[in-house]
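Okay, so here's the structure we're looking at.
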Amino acid sequence: MTTWHARMIAADKEFDGAPRLRGEFRLDDGHGDVESATLFLSALGVVEAWVNGERASEDLLTPGWSSYEWRVRYRELDVTHLVGTTTVIGLALGNGWYRGRLAWAGGSRYYGQELGAFAELRVRFADGHEQIIGSDESWISGPSATTANDLYDGQSIDARRFDDGWLAPGFTSGEWSAVRALDDDLGRLEPYIGPPVRRQLELQPVTVWTSPAGKVLVDFGQNMVGWVRVSVTGPAGQVVTIRHAEVLEEDELGTRPLRSAEATDRFTLSGGDDVFEPTLTFHGFRYAEVEGWPGGADALRDLGGLTAVVISSDMKRIGHFTSSDPLLNRLHENAVWGMRGNFVDVPTDCPQRDERLGWTGDLSAFAPSAAFLFDSRDFLRDWLRDLALEQKHDSDLVPFVVPNVLKYIEQPAEFGAPDTAAVWSDAAVWVPWALWTAYGDKRVLEEQFESMTGHARRLRSKLSANGLWDTGFQFGDWLDPDASPDQPWAAKADKHVVATLCAFRTASLVAAAATVLGDEPAATEFSEMAKELQAAFTGQYVSGGVITSDCTTVYALAIVFGILGDADREFAGHRLAELVEKSGFLISTGFAGTPFVTDALTDTGHLDVAYRLLLQTENPSWLYSVSMGATTIWERWDSMLPDGSINPGEMTSFNHYALGAVVDWMHRTIGGLAPLEPGYRRILIAPRPGGGLQWAESSLETPLGLATVRWELLDGRLDVAVTVPEGSEAVLQLPGVDEEIIGPGHHQRTVSPATLTFH
């Protein structure tokens, strides 16, 4: 454990909930040049740091949101180029997740009443001498230009209070006063595992216009997460107000889905040239409503002044997919944007309303897709650390959200007493396994194995005497499109059938993880658990091949999870295809079934049905939202109705990644790129053309290098080009020809029209 010399300090006044703190010191003499200077930075709240007037890093919202009760992260920043003989460290604080509003109940300050900041600077000189300077009672505190800040509600900034002098040596001010040290357990401080949040992109307005109600509206062309940077000149004291939303309704800003989140920034002008950037909040939005702009809509349209700043955790994009179908390409981009916007320090369900929580079920569905699109290994390892801590301190209960702020909030009656729930709690197992499969990094299994086994054993304790998971609250096939808008749990799939299927998958994956780690007793224990669940499931829920509730989700899960014998599996595949055809190839699955339905069809010889399901554009379908102009994945299949009105349900978001989990199938089946061994040490290259597509290509920066697949149908033949990275080998499976083993390098193959078969 690190020994700290600094203290967690707080301003002695509230200072509008956004205090600034500063410390000034001189470097020790007589030790030669500075060889290194490292700033360790953390906060109760969020903090930005300056050293001698320069930003210490481009990080945002440090230290993010963790399970603060047991873990507060810190960043380690190289500031060698910033220190001088006299050095001033300045810190700006905001409420963030620690003290701001969280969830839908309207409450805040769940983790603590006071904002605090921690900064320790370690300077090493040429002769080996080390000087350590830290935040303590010698620092001072004062106001900032921020007069209000909240992640849900927005930030207010008064440019008349801008003052850069606080970062200069010798600064004094009558408004500034003392600080005090907080009685805080610095043993909670841990380094980040995942990446920081940073600016990713900037977008300019596509259109500026005046609505029928006389409101000035701006369209940035893309649903995103971040804020609007404002450059403006106007009379001192004039207030420019910007409200954000994802969609329009009746040609006005569609704010009802925000629920109680104000999502509004207010900027008070100084009378000069002002630049505002509200970095203590973030919004999910495509559209902005602007009030108070000097000169009105015409001036805004002519002079510009608005730039949308897109933020996300700083993950490298590693996976790509494109095809001959523009709608399919847009669907894939929507999944990318949905992940980018919801992976802001915590993998959230949505980024715009009064929620933005780390729902475990959403990630259970989307983890394989996430691991392909971006290098999310460390991001998710960081989140899994919090999951394990929440679980450890609650009798192995994996909560619905991580970090689990819901334990402080009265829950809706339909949730009942919080307990282990299928899909949601299964994130403890499904997410580490997805990361192991994608990256071949055994650390995630080693780090999470206690959590994985703890969840599986708690799950086993919830089984009835008949061996089924048929008690307690379950989300089931959440957001089945046939459920009413105000009853998202009312799915066609029997929730206990879904739960027992998920229990079987979890036990099977824990057994597999134990085998990887060489833990034979655990492998035996959970293999036996899986066998018992299989016997109980087939004995109770399968009759003549028909699975209880006889709907798409139960067949999809049973097929993909491998719980059925050969005869029942064959029946299930035909029945699933029949149900999909009877639906007119419309979606009939929710959060549980959607990630698996196309795989289940493909694996049982119904590739054509899977393509027709994927390429349907009527509601409900994946491409319906694309046809309606969506630029992210929606929470509901019909978050917007065909007439352009917003779904009447209270829970309606236009940026949820869970239903975008189909892109994992697109990567593997259309793109033809899948791991045969964890980390793509062996690669399955098996493109499956269909659906009228003329070509598709996929690429992935695997842990061993770049893998690519491109196929094209031309004059009846299939042309395929493949790249296999060094250190890998690939199994090449093309329709109508024998399987082939290929090594590293570039390969081209052609399947003649006479040989080519599709199935």
Side-chain angles (χ1 to χ4, degrees), residues 145 153-160 162 199-258 261-311 330 333-334 337 340-341 351-352 628-632 640 644-646 654-655:
D153 296 331
Q155 186 171 349
S156 298
I157 304 174
D158 189 340
R160 297 170 300 181
F162 280 154
R199 298 169 182 83
Q200 303 296 320
L201 300 164
E202 294 187 355
L203 301 177
Q204 299 302 314
V206 174
T207 312
V208 179
W209 75 101
T210 302
S211 76
K215 303 292 186 180
V216 177
L217 299 179
V218 180
D219 178 8
F220 288 98
Q222 171 64 53
N223 199 17
M224 72 191 83
V225 173
W227 52 72
V228 176
R229 185 173 63 236
V230 173
S231 301
V232 62
T233 302
Q238 182 158 333
V239 178
V240 173
T241 301
I242 300 182
R243 191 170 195 192
H244 308 75
E246 296 182 299
V247 294
L248 302 176
E249 187 172 30
E250 297 181 353
D251 298 320
E252 303 292 342
L253 204 67
T255 58
R256 180 174 60 82
L258 300 175
E262 292 184 14
T264 302
D265 298 327
R266 297 176 176 86
F267 307 125
T268 303
L269 310 189
S270 69
D273 296 334
D274 295 320
V275 178
F276 299 92
E277 190 162 3
T279 58
L280 300 181
T281 189
F282 64 85
H283 312 290
F285 69 104
R286 171 176 173 171
Y287 300 94
E289 179 184 287
V290 182
E291 294 183 8
W293 192 269
D298 290 339
L300 180 57
R301 187 180 302 110
D302 295 341
L303 301 178
L306 302 183
T307 299
V309 178
V310 179
I311 69 169
R330 184 67 249 190
E333 276 303 292
N334 290 359
W337 276 97
R340 181 181 285 128
Q352 72 298 99
M628 292 291 289
T631 60
T632 42
M640 180 170 284
S645 61
I646 297 171
F654 293 88
N655 193 354

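Quick note: residue numbers are just sequence positions, from 1.
Minimum interatomic distance between Gln222 and Thr631 (heavy atoms only, all atoms of both residues): NE2-O, 2.9 Å. Across every non-hydrogen atom of Pro257 and Phe654, the tightest pair is CG-CE1, 4.3 Å. Minimum interatomic distance between Asp265 and Gln155 (heavy atoms only, all atoms of both residues): OD1-N, 2.8 Å. Summarising the geometry of Val225 relative to Phe282, their closest heavy-atom pair is CG1-CD1, 3.7 Å, with the distance given to 0.1 Å. Minimum heavy-atom separation, Thr281 to Gly154: OG1-CA, 3.6 Å. Scanning both residues, Asn334 and Ala630, for their nearest heavy atoms gives ND2-O, 3.1 Å.
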task = Before giving the answer on side-chain contact (heavy atoms from CB on, under 4.5 Å), spell out for Leu248 and Leu217 the whole-Å C-alpha distance, their side-chain angles and the decisive distance to 0.1 Å.
result = CA-CA 10 Å; Leu248 302 176; Leu217 299 179; 4.2 Å; yes
task = Verify side-chain contact (heavy atoms from CB on, under 4.5 Å) between Lys215 and Leu253, making sure each step is shown before the conclusion.
result = CA-CA 9 Å; Lys215 303 292 186 180; Leu253 204 67; over 6 Å; no
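Looking at Asn655 and Glu246, their side chains come closer than 4.5 Å, going by heavy atoms from C-beta outward. With a 4.5 Å cut-off on side-chain heavy atoms, Leu306 and Phe220 count as touching. The shortest distance between side-chain heavy atoms of Arg301 and Thr207 does not fall below 4.5 Å. Looking only at side-chain heavy atoms (C-beta outward), Thr307 and Gln204 come within less than 4.5 Å of each other. With a 4.5 Å cut-off on side-chain heavy atoms, Val247 and Arg286 do not count as touching. At a threshold of 4.5 Å between non-hydrogen side-chain atoms, the residues Val290 and Val208 do not count as touching. By the 4.5 Å heavy-atom criterion applied to side chains, Phe267 and Asp274 are not counted as neighbours. Inter-residue side-chain proximity for Ser270 and Phe162 is flagged as unmet; no heavy-atom pair is nearer than 4.5 Å.
We find the CG-CZ distance between Leu201 and Arg340 to be 5.5 Å, quoted to the nearest 0.5 Å. If you take CG on Leu300 and OG1 on Thr210, they are separated by 9.5 Å, rounding to the nearest 0.5 Å. Atoms CG and CZ, from Leu258 and Arg243 in turn, are 6.0 Å apart once rounded to the nearest 0.5 Å. Between the CD1 atom of Ile646 and the CE atom of Met640 there is a distance of 5.5 Å, given to the nearest 0.5 Å. Taken from CD1 in Ile157 to CZ in Arg266, the straight-line distance is 12.5 Å, to the nearest 0.5 Å. In this structure, CZ on Phe276 lies 7.0 Å from OG1 on Thr268, to the nearest 0.5 angstrom.
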Please tabulate, for the side chains in residues 233-241, all donor-acceptor contacts under 3.5 angstrom to protein atoms that are two or more places apart in sequence or on a different chain.
unit_1	atom_1	unit_2	atom_2	d
Thr233	OG1	Asp273	OD1	2.6
Gln238	NE2	Gly292	O	2.6

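Ring geometry, Trp209 versus Tyr287: the interplanar angle exceeds 60°, so the pair is classed perpendicular (tilted spans 30 to 60°).
Partners of His244 by ring-ring contact (aromatic ring centres under 6.0 Å, His included), not counting sequence neighbours, listed by chain and number: His283, Phe285.
Judged by distance alone, the side chains of Glu252 and Ser211 do bring a donor and an acceptor atom under 3.5 Å apart.
Heavy atoms of other residues, nucleotides or ligands lying less than 6.0 angstrom from CD of Glu202 number more than 12.
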